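Here is the structure we will look at.
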Amino acid sequence: MLKIENLHCSVGEKEILKGISLSVNAGEIHAIMGPNGSGKSTLAQVIAGHPGFEVTQGTIDYEGSDLLDMEPEVRAQKGVFLAFQYPVEIPGVTNAYFLRSAYNEIRKARGDEEMDPMEFLDLMEAKLKLVDMDTALLHRSVNAGFSGGEKKRNEILQMAVLEPKLAILDETDSGLDIDALRVVAGGVNALRKPDNATVIVTHYQRLLNYIVPDFVHVLAGGRIVKSGGKELALELEAKGYDWLVEAA
Amino acid sequence: MSSSIESLVNREYQYGFVTDVESDTIEPGLNEDVVRLISSKKDEPQWLLDWRLKAFRRWQTMTEPHWPNLKYNPIDYQGARYYSAPKSVKPLQSLDEVDPELLATYKKLGISLTEQKMLAGVAVDAIFDSVSVGTTMKAELAKHGVVFCSFTEAVHDYPELIQKYLGSVVPYSDNFFAALNSAVFSDGSFCYVPKGVRCPIELSTYFRINAADTGQFERTLIVADEGAYVSYLEGCTAPKRSTNQLHAAVVELVALDRSSIKYSTVQNWYAGDKDGVGGIYNFVTKRGKALEDAKISWTQVETGSAITWKYPSVILQGDNSVGEFYSVAVVNNKQQADTGTKMIHIGKNTKSTIISKGISAGEGQNSYRGRVQMLPKATGSRNYTQCDSMLIGNKCGAHTFPYIEVANNSSTTEHEASTSKIGEDQIFYCKARGLSAEHAISLIVSGFCREVFKELPMEFALEAQQLLGITLEGSVG
Ligand SMILES: Nc1ncnc2c1ncn2[C@@H]1O[C@H](COP(=O)(O)OP(=O)(O)OP(=O)(O)O)[C@@H](O)[C@H]1O
Ligand SMILES: [Mg+2]
């Protein structure tokens with residue numbers, strides 16, 4: 001589904017990703033771990049198409065097409081979803097309206113009819129339950145004044161509504177209390193399908209107890225320094241990153 | 001990303017066509033003879049000519065104001081023409097008699113004088129250059145005793161009302177542009193809602209400047225008698241030309257005891273091209289007077305014009321009167337706007353609210369200028385002002401000039417202001433959810449303007465939202 005080869009990217013003069021290669025197949029869950037500042041969010045943003053990063057080398061293939069050649073909205077329309085580490089506030093635009101606009105754009109791109117507001121509300125009812133979110137949040141401005149945990153849940157709500165093929169969750173577990181963590185993980189698992197894939201960026205093994213990854217990768221200094229199975233996460237929890245960073 | 005956004009920048013002004021109708025136009029220039037000629041072409045009574053002449057003489061002693069935060073080349077008042085009317089216009093009995101070219105123009109503008117619109121409940125008094133060509137729904141309004149007609153007709157049919165209220169809120173001597181308008185105004189709309197009547201439909205005037213180099217000087221007068229209510233919509237567009245055109249309108253609102261007037265404007269005059277060539281110079285005086293328990297509410301969405309100079313104001317003369325000003329002003333490319341309001345509290349327990357949203361993009365300069373004045377007798381009065389600016393890009397500017405004077409100690413004013421920048425991050429967030437840049441910007445901006453849009457009548461709100469999107473297309477990159 002996703003094939004990243006020798007990806008380099010910079011901001012200005014500074015190179016942040018220094019040759020990343022990663023393959024994600026349908027049905028798989030990948031976890032990406034690594035020290036602060038190692039480039040995890042950068043990788044996630046580059047996949048989503050953030051214009052602030054310049055790809056200087058390498059390729060990303062998504063379902064047989066050149067992902068880097070697509071505008072971010074086209075990527076989203078084709079099923080790429082990024083749950084932001086820091087969700088953005090949009091004052092004055094209600095969460096429901098925002099979600100419906102996004103949902104309809106994606107439907108349109110797929111050649112489906114737009115959904116009217118009443119039908120959409122019914123859909124939302126079900127999705128809200130999935131992430132155990134209060135309906136009131138639908139009628140508030142997108143992320144404005146949301147607590148940290150509410151923002152993260154809102155990202156998962158969006159994911160549940162948009163039903164992406166490739167979901168990238170950037171530290172969606174950070175700032176969640178233990179119950180919320182379970183809810184979010186439950187949501188991700190419920191949305192899991194054989195033809196979907198999920199990439200989870202996290203610092204904590206904890207989340208991986210709920211969402212069991214097929215692969216774990218360690219990103220350090222802009223490179224993947226080690227890949228393994230789910231047991232690698234346990235090893236990292238016990239030993240930290242130093243041994244890997246030094247070895248690399 | 002930026003290249004795709006740039007490709008959106010050069011979207012053309014949609015309303016920039018010229019209608020080819022035979023016009024009755026006078027030679028450029030302005031002197032007493034021109035004033036007399038205009039008055040005689042309209043077959044006006046002597047008192048009105050006298051009033052025009054007084055205004056003209058006053059205007060000659062005045063100088064153009066230079067305090068606004070606006071830069072433009074000197075206006076050549078002698079180079080403009082002060083009267084232009086489509087020749088076919090004589091009193092029309094029905095729409096069938098309207099020049100088909102004109103109707104086609106209205107169609108392009110998206111307004112129809114047809115039954116569809118009437119069924120939609122909108123009475124349209126369309127001002128084409130200087131003369132009103134068609135008024136609809138007159139009969140329906142007449143049933144309720146509501147008068148809604150062109151200013152010229154009103155002068156002939158309701159001379160007492162005109163004589164009583166013309167200049168009663170904006171005297172001819174008020175300011176340079178008001179004096180000019182008073183001398184040469186060509187037409188406009190008049191509305192009178194009798195005691196206790198709630199006007200059953202939204203009244204609407206669509207202004208349009210067509211003839212080349214013709215200044216448009218329309219005058220609107222709305223009188224709501226005791227306990228009456230009226231909602232009035234004004235929309236404006238003008239064709240695209242490389243020279244600047246002057247537009248100096250005057251709007252007077254009179255809200256008698258316990259009445260309420262809601263006045264909404266969507267202004268989309270031609271703004272000039274992206275290098276600042278052409279465009280309308282919009283110098284407008286709008287003011288209302290609210291008597292006891294009366295309410296005047298201005299809502300404006302200003303997206304057009306090269307220059308906007310406009311301060312819809314309320315004189316809160318009666319006790320417990322209410323004044324409101326909700327404004328969205330958008331500048332892009334080289335547009336400049338200096339706009340805001342004045343709330344003059346004279347009566348006791350008067351209340352005013354000001355919500356101003358300024359959006360600046362391209363190299364646009366946007367100034368909010370507001371005056372809140374609480375006179376000594378306006379005890380127990382309140383004002384709330386909120387003034388937010390949004391910047392799109394790095395070359396534009398936002399400025400605020402609030403003036404607050406409180407001359408008694410039981411009144412309160414509250415002023416909040418903010419400036420924000422539309423973030424690359426907000427746009428990226430929307431794009432990452434499948435929205436185009438253009439959709440993202442209009443979503444973010446309409447969120448910013450929500451408090452104002454919700455004051456607009458439904459169909460106007462949609463139009464305003466679309467206009468905003470068009471005006472700002474490609475402004476980020
Ligand atoms: N726009 C930017 N300008 C300059 N430097 C940047 C920019 N974005 C990221 N960086 C730098 O790139 C490096 C990688 O950042 P990134 O956010 O990808 O790290 P991360 O692995 O997600 O860290 P964390 O675990 O703290 O979230 C950091 O040193 C960061 O400061
Ligand atoms: Mg990060």
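In this text, all values refer to a predicted model and were calculated from it rather than measured experimentally.
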Inspect the surroundings of [atom1] in [X] and state if more than 12 heavy atoms from other residues, nucleotides or ligands are less than 6.0 Å away.
| X | atom1 | result |
| --- | --- | --- |
| A:Glu113 | CD | no |
| B:Arg382 | CZ | no |
| A:Lys151 | NZ | yes |
| A:Asp195 | CG | yes |
| B:Lys342 | NZ | no |
| A:Lys18 | NZ | yes |

Does [X] reach the side chain of [Y], with side-chain heavy atoms less than 4.5 Å apart?
| X | Y | value |
| --- | --- | --- |
| B:Tyr429 | A:Tyr86 | no |
| A:Phe98 | B:Leu435 | yes |
| A:Pro72 | B:Phe428 | yes |

Nearest atoms (heavy-atom pairs only) where A:Ser101 meets B:Leu443: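 Closest approach of A:Ser101 to B:Leu443: OG-CD1, 4.2 Å.
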Atom of A:Ala76, atom of B:Lys431 and distance for their closest heavy-atom approach: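 Nearest pair, atom of A:Ala76 first, then B:Lys431: CB-O, 3.8 Å.
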Part of [X] lying under 4.5 Å from any heavy atom of chain B:
| X | answer |
| --- | --- |
| A:Tyr97 | side chain |
| A:Glu89 | backbone |
| A:Pro164 | neither |
| A:Ile90 | both |

Choice from A:Gln77, A:Gln45, A:Gln158 maximising heavy atom contacts with chain B below 4.5 Å: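 That would be A:Gln158.
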Heavy-atom contact with chain A under 4.5 Å, split by part of B:Cys449: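 It is neither, since no heavy atom gets under 4.5 Å.
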A:Thr94 OG1 to B:Arg450 CZ distance, which is reported to the nearest 0.5 Å: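 With rounding to 0.5 Å, OG1 (A:Thr94) is 6.0 Å from CZ (B:Arg450).
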Contacts of residues 120-150 of chain A with chain B (heavy atom under 4.5 Å):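 So the qualifying residues are A:Ser141, A:Val142, A:Asn143.
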side-chain contact (heavy atoms from CB on, under 4.5 Å) between B:Asp425 and A:His50, intermediate numbers included: CA-CA 9 Å; B:Asp425 282 338; A:His50 196 291; 3.3 Å; yes
Check: A:Glu105 side chain, B:Arg433 main-chain N or O, donor-acceptor pair, under 3.5 Å: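 Checking the backbone N and O of B:Arg433 against the side chain of A:Glu105, no donor-acceptor pair under 3.5 Å is found.
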